[in-house]
Amino acid sequence: MKELSKEFFKQDTVKVAKKLLGKIIVIGDLKGRIVETEAYGKDPASHAFKRTERSAIMFDTYGHVYVYLIYGMYNCINFTTEKETVPGAVLIRAVEPLNEIELIKQRRKTNKKDNLCSGPGKLCQAFDIDKRYNNLVIGNEIKIYDDKFKLNHFKIGQSSRIGIKDALHLEWRFYIIDNEHVSKVKINQKNEKKSQIIDN
DNA sequence: TACTGGATTCACT
DNA sequence: GTGAATCCAGTAA
């Protein structure tokens with residue numbers, strides 16, 4: 001498997017989000033396939049909308065790991081994108097775990113395979129990701145590999161797990177729906193259940 | 001210094 | 001479908 005370099009992330013955020021689908025993320029001994037991503041650019045729902053101490057990494061870097069705590073209990077992992085000076089990041093929303101399943105079941109306190117890493121907070125729990133990974137360069141503790149897209153059947157894209165409320169949310173989300181289809185979903189700002197699949 | 005609310009998840013109805 | 005858990009970044013004063 002070919003390892004992605006930091007330079008891979010120095011391009012359009014939406015393109016990175018789509019290209020990351022099917023890639024393999026390796027953290028320590030754990031491996032997973034990225035099956036859902038979301039592109040965050042300069043829109044008001046994004047930390048990239050305004051530069052703050054926390055979000056500066058999205059403005060100043062590409063190919064870095066951005067981890068933040070949400071709702072006081074869950075971490076979310078992003079990879080920064082675009083050239084320096086252009087803010088952007090891709091949120092990793094879901095992963096298909098590929099090994100250490102028993103360990104992950106323990107960490108997640110569930111036995112259901114589809115419930116192990118099917119959400120940004122869940123996958124951070126499963127892979128033990130927290131703020132100690134924030135600001136690290138991709139390629140060290142966290143590596144991403146190209147994989148010739150050999151998907152097992154893994155349905156994701158849970159349209160019920162939608163709740164951005166009334167935040168203005170214009171960016172794109174990408175799912176692997178099944179073995180063959182990769183879908184680009186346009187988020188409906190008011191009702192995410194009505195979000196539309198744009199292409200395959 | 002104090003207050004507000006969130007790129008979520010889970011238990012419960 | 002609804003509400004609670006939980007903490008800290010961002011903001012206002």
Side-chain angles (χ1 to χ4, degrees), chain A residues 9 12-14 16-18 20-21 25 32 34-62 64-82 86-97 104-135 138 142 155-176 183-195:
Chain A
F9 296 88
D12 177 74
T13 305
V14 172
V16 174
K18 187 159 193 175
L20 278 176
L21 287 178
I25 181 169
I34 297 170
V35 294
E36 187 179 347
T37 58
E38 194 162 25
Y40 280 89
K42 206 155 178 57
D43 81 73
S46 168
H47 297 176
F49 189 63
K50 188 172 185 184
R51 186 194 173 94
T52 64
E53 194 177 341
R54 180 175 68 169
S55 69
I57 183 174
M58 297 173 78
F59 289 72
D60 297 342
T61 73
Y62 57 89
H64 281 58
V65 181
Y66 171 43
V67 179
Y68 63 87
L69 187 68
I70 186 69
Y71 296 107
M73 3 174 42
Y74 300 105
N75 289 291
C76 293
I77 183 171
N78 301 250
F79 300 139
T80 62
T81 56
E82 310 269 3
V86 178
V90 173
L91 171 67
I92 308 303
R93 294 190 59 87
V95 157
E96 176 190 1
I104 289 175
K105 283 180 177 173
Q106 282 175 28
R107 286 178 175 168
R108 290 277 304 118
K109 298 181 172 60
T110 179
N111 278 317
K112 295 178 189 166
K113 191 183 178 229
D114 284 359
N115 193 27
L116 296 178
C117 305
S118 54
K122 295 177 187 180
L123 79 90
C124 285
Q125 233 172 32
F127 281 70
D128 190 29
I129 296 165
D130 60 25
K131 287 188 79 174
R132 63 186 197 281
Y133 288 99
N134 190 45
N135 218 2
I138 294 166
I142 295 180
K155 191 173 179 184
I156 196 115
Q158 308 169 349
S159 58
S160 61
R161 172 169 45 65
I162 298 255
I164 299 202
K165 298 180 182 162
D166 53 357
L168 186 60
H169 195 80
L170 301 173
E171 286 297 340
W172 301 100
R173 185 171 295 171
F174 299 92
Y175 298 110
I176 290 174
S183 290
K184 177 179 181 181
V185 177
K186 183 167 189 178
I187 306 298
N188 182 307
Q189 295 171 28
K190 300 219 168 133
N191 184 351
E192 218 175 321
K193 288 181 181 177
K194 293 182 181 170
S195 297

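So that the names make sense, note that chain A is the first sequence line, chain B the second, and so on, each numbered from 1. Below, each value reflects all heavy atoms present in this structure, side chains not excepted, and no hydrogens, waters or symmetry copies.
- Across all strands, R51(A) comes closer than 4.0 Å to no nucleic acid atom at all (heavy-atom distances).
- With pairs defined as Watson-Crick or G-U wobble and both atom distances under 3.5 Å, the stems of at least three pairs that touch DNA chain B come out as B:1-6 with C:7-12, B:8-12 with C:1-5.
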D12(A) vs T81(A), side-chain contact (heavy atoms from CB on, under 4.5 Å): CA-CA, chis, key distance, verdict: CA-CA 7 Å; D12(A) 177 74; T81(A) 56; over 6 Å; no
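- Put simply, CG on N75(A) is 11 Å from P on dT9(B), counting in whole angstrom units.
- Atom CD1 of I77(A) and atom C1' of dT8(B) are 16 Å apart (whole Å).
- To the nearest angstrom, C1' of dT8(B) lies 13 Å from CD of E36(A).
- We find the NZ-CD1 distance between K113(A) and I104(A) to be 10.5 Å, quoted to the nearest 0.5 Å.
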When you look at K122(A) and N115(A), which way does the side-chain hydrogen bond (donor to acceptor under 3.5 Å, both in side chains) test go after all the steps? CA-CA 8 Å; K122(A) 295 177 187 180; N115(A) 193 27; 2.7 Å; yes
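- By the 4.0 Å N-to-carboxylate-O rule, K112(A) lies too far from D114(A) to be salt-bridged with it.
- For the pair N115(A) CG and dT9(B) P, the computed distance is 9 Å after rounding to whole Å.
- Comparing dG10(C), dT11(C), dA7(B) by their nearest atom to the side chain of K50(A) picks out dT11(C).
- In this structure, OH of Y74(A) is placed 8 Å from C1' of dA5(C), rounded to the nearest angstrom.
- If you measure from atom CG of L116(A) to atom P of dT9(B), you get 13 Å, rounded to the nearest angstrom.
- Among the nucleotides dT9(B), dA9(C), dA7(B), the one closest to any side-chain atom of R108(A) is dT9(B).
- Here, dG3(C) and dG5(B) have their C1' atoms 15 Å apart, quoted to the whole Å.
- Side chain of R93(A) to backbone of E36(A): no donor-acceptor contact under 3.5 angstrom is found.
- Among the atoms of the strands shown, only primed sugar atoms or phosphate atoms (P, OP1, OP2) are found under 4.0 Å from some heavy atom of K131(A).
- As rounded to whole Å, 10 Å separates atom P of dA9(C) from atom OH of Y66(A).
- Side-chain proximity of M73(A) to the nucleotides dC10(B), dT6(C), dA7(B) is greatest for dT6(C).
- Counting only distance, with no hydrogens or angles, the side chain of T52(A) and the backbone of S55(A) share a donor-acceptor pair below 3.5 Å.
- The base of dA9(C) has none of its N or O atoms less than 3.5 Å from a complementary donor or acceptor on the side chain of Y68(A).
- Stacking between Y71(A) and dT8(B) is present: the aromatic ring centre lies within less than 5.5 angstrom of the base six-membered ring centre, and the two planes differ by under 30 degrees.
- Atom NE2 in H47(A) sits roughly 15 Å away from atom P in dG5(B) (whole-Å rounding).
- With distances taken from any side-chain atom of R54(A) to the nucleotides dC10(B), dG6(B), dA9(C), the minimum falls on dA9(C).
- A 4.5 Å side-chain heavy-atom check between Q125(A) and R107(A) finds every atom pair outside the cut-off.
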